[in-house]
Amino acid sequence: MNTKEAKYFKKLGARIKHLREEKGIDQKSFAFDCGIGRTQLYMIENGKTNPRLLTLMKIADGFGVSVRELLEIPHNYL
């Protein structure tokens with residue numbers, strides 16, 4: 001993973017974490033509701049992995065947003 005990709009995944013993870021915390025849901029419960037592993041969610045929220053499209057679809061569905069909305073990260077985010 002190059003530096004640009006690493007920065008994007010860190011921002012994406014921070015956005016997912018922010019959205020989850022904004023809803024007041026703990027990581028374990030949200031992961032279970034989305035049908036993904038808690039460790040996998042942890043890795044995504046900390047920018048340590050490149051999530052698959054299916055995983056992003058499950059997370060977006062958990063938030064009630066489209067994948068496009070989930071991936072829209074403001075330029076000044078973080």
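With R38 contributing its side chain and A31 its backbone, the two residues share no donor-acceptor pair below 3.5 Å. A donor-acceptor pair is defined here as one N or O able to donate and one able to accept, closer than 3.5 Å; such a pair exists between the side chain of E69 and the backbone of S66.
Under the side chain to side chain contact (heavy atoms under 4.5 Å, CB included) criterion, Q40 pairs with I36, I44, T55, sequence neighbours left out. With sequence neighbours excluded, the residues forming a side chain to side chain contact (heavy atoms under 4.5 Å, CB included) with D26 are K28, S29, listed by chain and number.
To the nearest 0.5 Å, atom CG of residue N46 and atom CZ of residue F9 are 14.0 Å apart. In this structure, CG on L54 lies 4.5 Å from NZ on K58, to the nearest 0.5 angstrom. Taking CD1 of I73 as the start and CG of L12 as the end, the distance is 4.5 Å to the nearest 0.5 Å.
Here ring-ring contact (aromatic ring centres under 6.0 Å, His included) pairs that include residues 27-73, with residues two or more places apart or in two chains, are F30-F63.
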Kindly indicate, with the supporting measurements, whether the criterion side-chain contact (heavy atoms from CB on, under 4.5 Å) is fulfilled by L41 and R20. CA-CA 11 Å; L41 181 58; R20 178 181 57 76; 4.2 Å; yes
Let's go through V65 and L19 carefully: what are the C-alpha distance in whole Å and the side-chain angles of both, what is the deciding distance for side-chain contact (heavy atoms from CB on, under 4.5 Å) to 0.1 Å, and is it a yes or a no? CA-CA 11 Å; V65 300; L19 290 170; 5.7 Å; no
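Here the side chains of V67 and I59 are not in contact, with every heavy-atom distance at 4.5 Å or above.
Linking ILVMFWY residues whenever their side-chain heavy atoms come closer than 4.5 Å, directly or via other members, leaves M43 and M57 in distinct clusters.
Applying the side-chain hydrogen bond (donor to acceptor under 3.5 Å, both in side chains) test between E45 and each of R15, K10, Q27 identifies Q27 as the sole match.
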